[in-house]
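Just below is one structure, and these are the notes that go with it.
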Number of protein chains: 2
Amino acid sequence: MQLKKYTDYGLRILMYLGAKEGAKESSNNRTEAPERLTTIKDICETFSLSSNHVNKVVHHLGRLQLIETRRGKNGGFFLAKAPNEIRLDYVIRQLEGDEPWIECHNPYCVALPACELNGIVARGKELFYDYLREFTLADLLKKRGQLQQIFSTAS
Amino acid sequence: MQLKKYTDYGLRILMYLGAKEGAKESSNNRTEAPERLTTIKDICETFSLSSNHVNKVVHHLGRLQLIETRRGKNGGFFLAKAPNEIRLDYVIRQLEGDEPWIECHNPYCVALPACELNGIVARGKELFYDYLREFTLADLLKKRGQLQQIFSTAS
DNA sequence: TCAAAGATACATGAATAATGCATATTATAA
DNA sequence: TTATAATATGCATTATTCATGTATCTTTGA
């Protein structure tokens, strides 16, 4: 019972971008590309991660349109939304996958027709995500100055 | 992000016992042993599980004093408490293990000193368990008659 | 004393997450 | 136009953890 590192890495990437780019507000739900884009290499060096895995997470964040990715020379990625528009429940649900937390089929459990358990666990899961829904990336950037310093001195 | 089968099996065992033994009330926090005890074999046949794994879960439930186990001929196990005294949050926390849902060390994350995320996830986890705390084994036995029929015809 | 039950330790297998490698694709700059 | 730096993508491999199997010990009742 633990979030995947994959999900964790996704959140760290967003924190990195948020700390670097700042809390831009955007009316058109888009932010401008910064001068120099953040690259997968930057992330890997900062957090001491392997590029392969980060590669996939970045791609996923791109597909979710949370970041915008640019191929080619001087490419990289940046936040596609303002931090206060990136809800944590959405990020975690998408990266983590949204399977039930208890498995009643596979293999099938005979008690299923009279089982109250799966409903209770499913409701608990929703309460977890309802709570996360109250937070956005902006809430993860409360100590933005400190994060900036950490990220700039790391690697 | 899913409960272990181990935990699931534990809950099914308790449901089986509760359905069979009924909703006995006990002032001294103990129930009487029934005529014929439930065995690991009974559970395995009912739910089509391997005895090895169930063996360990039964042992664990015994250590938690949720059931009482009896070795030797005519041995087996039975509920050690009334169903309404067996809280679901306790069972799941114990069987599942109570680790944090997000890993900040191992390996260490540089952002940790300024990270807001782990606290948010930890609080969400507690809300999940707070919800489970409202339920007991008795709540899983609402359709007790149907469960009894299922369990008696299965195997 | 035998047989039926759980207790325990250790070994193996399976599933999935994490990582690695290779190569394709794209965009920019020289 | 070509070299280079970046992401995109698919497949292979490794590591971790969960699940299961095998063997043997211990306990208890008949």
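Fair warning: this is a prediction, and the values are worked out from it, not measured in the lab. Below, read A as the first sequence line, B as the second, and so on, with proteins coming before strands; counting in each chain starts at 1.
A/T39 is linked by a side-chain hydrogen bond (donor to acceptor under 3.5 Å, both in side chains) to A/D42, counting only residues two or more places apart in sequence or in another chain. Qualifying side-chain hydrogen bond (donor to acceptor under 3.5 Å, both in side chains) partners for A/K20, counting only residues two or more places apart in sequence or in other chains: A/T38. Every residue two or more places apart in sequence or in another chain that forms a side chain to side chain contact (heavy atoms under 4.5 Å, CB included) with A/N52 is listed here: A/S50. For B/Y6, the side-chain hydrogen bond (donor to acceptor under 3.5 Å, both in side chains) criterion is met by B/H60, not counting sequence neighbours. A/Y129 meets the ring pair (Phe, Tyr, Trp, His ring centres under 6.0 Å) test with no other residue; sequence neighbours excluded. When the side-chain hydrogen bond (donor to acceptor under 3.5 Å, both in side chains) test is applied to B/H53, no partner is found at least two apart in sequence or on another chain.
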Distances under 3.5 Å between nitrogen or oxygen atoms of protein and nucleotides 25-29 of chain D:
unit_1 : atom_1 : unit_2 : atom_2 : d
D/dT26 : O2     : B/R71  : NH1    : 3.4
D/dT27 : O4'    : B/R71  : NH1    : 3.0
D/dT27 : O2     : B/G72  : N      : 3.3
D/dT28 : O2     : B/K73  : N      : 3.2

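A heavy atom lying under 4.0 Å from DNA chain C marks none of the residues of residues 7-17 of chain B. Of the residues in residues 56-67 of chain A, A/K56 come within less than 4.0 Å of DNA chain C through at least one heavy atom, sorted by number. Contacts between residues 36-44 of chain B and DNA chain D, counted as heavy-atom distances below 4.0 Å, involve no residue at all.
Judged by distance alone, with hydrogens and angles left aside, the side-chain atoms of A/E68 form no donor-acceptor pair with the main-chain N or O of A/F78 at under 3.5 Å. A/K4 places no side-chain N or O within donor-acceptor distance of the main-chain N or O of A/Y9, the cut-off being under 3.5 Å. In this structure, B/R70 contributes its side chain and B/G76 its backbone to no donor-acceptor pair below 3.5 Å.
Regarding B/E103, its CD atom lies at a distance of 13 Å from the P atom of D/dT16, rounded to whole Å. Distance B/K4 NZ to D/dT20 P: 13 Å, rounded to the nearest Å. In this structure, CD of B/E96 is placed 8 Å from P of D/dC18, rounded to the nearest angstrom. Counting to the nearest Å, the P atom of D/dG10 and the CG atom of A/N52 are 15 Å from each other. As a whole-Å value, the separation of A/H53 NE2 from D/dT14 P is 17 Å. Rounded to a whole Å, the CD atom of A/E45 is 11 Å from the P atom of D/dA6.
One finds no salt bridge joining B/K81 and B/E21 here, because no Lys/Arg side-chain nitrogen approaches an Asp/Glu carboxylate oxygen to under 4.0 Å. Residues A/E116 and A/R123 are not paired through a salt bridge, judged by the lack of any N-O separation under 4.0 Å between the basic side chain and the carboxylate.
Note on the helix from C/dT1-D/dA30 to C/dA30-D/dT1: terminal axis deviation equals 0°, with five pairs used at each end and the result rounded to 10°.
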>> Determine whether A/R12 and B/E103 satisfy the following criterion, salt bridge (charged side-chain N to carboxylate O under 4.0 Å, His left out), listing intermediate values before the conclusion.
In response: CA-CA 12 Å; A/R12 292 192 206 178; B/E103 191 64 84; over 6 Å; no

>> I'd like to know whether B/Y16 forms a ring pair (Phe, Tyr, Trp, His ring centres under 6.0 Å) with B/F151, so could you lay out the CA-CA distance, the side-chain angles of the two residues, the decisive distance to 0.1 Å, and finally the verdict.
In response: CA-CA 7 Å; B/Y16 182 96; B/F151 293 150; 5.2 Å; yes

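Here the side chains of A/L147 and A/L140 are not in contact, with every heavy-atom distance at 4.5 Å or above. When side chains are defined from C-beta on, A/L127 does not count as touching B/F128, because their heavy atoms never get closer than 4.5 Å. Using a 4.5 Å cut-off on side-chain heavy atoms (C-beta onward), B/L79 and B/L137 make contact. Side-chain contact between A/P107 and B/K5: present, with at least one pair of heavy atoms (C-beta onward) separated by less than 4.5 Å.
Rounding to the nearest 0.5 angstrom, the gap separating the CG atom in A/L49 from the CD1 atom in A/I40 is 11.5 Å.
If you walk DNA chain C from 5' to 3' and mark each nucleotide with an atom closer than 4.0 Å to a heavy atom of chain B, the marks span C/dA4 to C/dC10.
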